[in-house]
Structures are given as C-alpha cells and as structure tokens.
Novice: 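Got a structure here, written out as structure tokens. Questions coming.
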Amino acid sequence: YRLVDTAELYANEHLVARGLALSGVHREGVFLVSKTGQWCPGWYPTSRGTLARGVCLDGFEETVAAVRASLVRLEVAYLDLFLLHWPMGRGGRQ
C-alpha cells in the first residue's frame with residue numbers, strides 16, 4: 001500500500017510529481033492526499049503555553065481553485081483525498 005501526503009503549505013507538490021514520475025508506479029497504485037491553506041497572520045497562545053500559527057482558508061471558489069492548482073502542480077488528473085489544512089477563517093481562531 002502506497003500513500004503520499006503533501007500540501008500546498010509544504011511547497012513540495014512539484015517534487016512529489018517528479019518523484020511519482022520517476023518511481024514508475026502507476027497513478028492508480030498510489031493513494032494521493034493534498035491539502036489547501038496558507039499561514040494565518042500572527043500567532044496565538046496554545047493550551048501548552050506556547051505560541052502557534054494557524055492555517056487560514058478562503059471561501060468555496062478559492063478552495064476549488066486550490067484543488068485545481070494542486071492537480072496541476074502534482075501533474076495528476078485526480079486526488080484520492082483533499083483536505084482543508086487545519087481550517088480557520090482569515091480572522092484567525094474562530
């Protein structure tokens with residue numbers, strides 16, 4: 001069983017595409033996951049007393065565009081799973 005987990009935020013989808021192409025494994029032989037989201041502005045305190053950054057998302061249209069952009073960067077026709085990477089609104093913690 002082969003699973004590849006990547007994300008827009010990791011900025012490595014083009015590298016994953018290259019790896020898949022070089023592997024010789026057919027697309028159907030890989031469970032491919034990606035996510036959308038960008039770093040939210042600012043930091044917020046966690047329950048552990050540390051600071052963390054959230055991942056912000058835009059609306060429906062922007063999410064559809066993010067799926068399409070991931071498909072292009074990954075050079076594939078489909079994804080097996082597409083996630084909202086730690087979904088928060090642009091306003092931060094909500």
Side-chain angles (χ1 to χ4, degrees):
Y1 185 77
R2 297 176 179 105
L3 174 112
V4 177
D5 180 14
T6 186
E8 174 185 7
L9 191 63
Y10 306 159
N12 68 350
E13 289 176 320
H14 66 288
L15 298 172
V16 169
R18 184 169 180 226
L20 289 173
L22 292 173
S23 74
V25 175
H26 291 284
R27 169 63 188 91
E28 296 79 16
V30 177
F31 192 89
L32 188 54
V33 180
S34 193
K35 305 167 209 72
T36 188
Q38 301 84 31
W39 290 118
C40 295
W43 297 81
Y44 65 90
T46 69
S47 59
R48 297 184 308 263
T50 60
L51 293 176
R53 291 174 75 183
V55 177
C56 286
L57 304 170
D58 292 315
F60 176 79
E61 292 82 12
E62 292 84 358
T63 301
V64 170
V67 172
R68 291 183 177 137
S70 284
L71 292 171
V72 169
R73 286 188 297 268
L74 289 163
E75 300 176 22
V76 296
Y78 69 95
L79 293 164
D80 296 292
L81 179 64
F82 192 80
L83 300 170
L84 304 178
H85 202 169
W86 193 3
M88 291 180 149
R90 278 275 164 221
R93 288 182 81 173
Q94 296 178 354

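Side-chain atoms are counted along with the backbone in the values below, which use heavy atoms only and exclude waters and symmetry mates. These numbers were taken from a predicted model, which means no experiment stands behind them. Numbers here are sequence positions counted from 1.
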Novice: Taking CZ in Arg18 as the centre, count heavy atoms belonging to other residues, nucleotides or ligands within less than 6.0 Å. Is the count above 12?
Specialist: no

Novice: Would Leu83 and Phe31 show up in the same hydrophobic cluster when neighbours are defined by side-chain heavy atoms closer than 4.5 Å?
Specialist: yes

Novice: Mind checking who shares a hydrophobic cluster with Leu79, ILVMFWY linked at side-chain heavy-atom distances under 4.5 Å?
Specialist: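 Members other than Leu79 - counting any ILVMFWY side chain reachable under 4.5 Å - are Val4, Val16, Leu20, Val25, Val30, Leu32, Val67, Leu71, Leu74, Val76, Phe82.
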
Novice: With rounding to the nearest 0.5 Å, note down the distance linking CD in Glu13 to CD in Glu8.
Specialist: 7.0 Å

Novice: So how far is it from Glu28 CD to Arg2 CZ, rounded to the nearest 0.5 Å?
Specialist: 12.0 Å

Novice: Are Thr6 and Lys35 packed together at the side-chain level, in the sense that at least one heavy-atom pair is separated by less than 4.5 angstrom?
Specialist: no

Novice: Roughly how far, to the nearest 0.5 Å, is the CG atom of Leu15 from the CZ atom of Arg73?
Specialist: 12.0 Å

Novice: Taking ring pair (Phe, Tyr, Trp, His ring centres under 6.0 Å) as the test, write out the residues that go with Tyr78, two or more places apart.
Specialist: none

Novice: With a 4.5 Å cut-off on side-chain heavy atoms, are Asp80 and Val33 touching?
Specialist: no

Novice: So, for Ser34 and Ala7, which heavy atoms are closest and what is the spacing to 0.1 Å?
Specialist: OG-CA, 3.6 Å

Novice: Within the side chain of Thr50, is there an N or O that forms a donor-acceptor pair under 3.5 Å with the backbone of Thr46?
Specialist: no

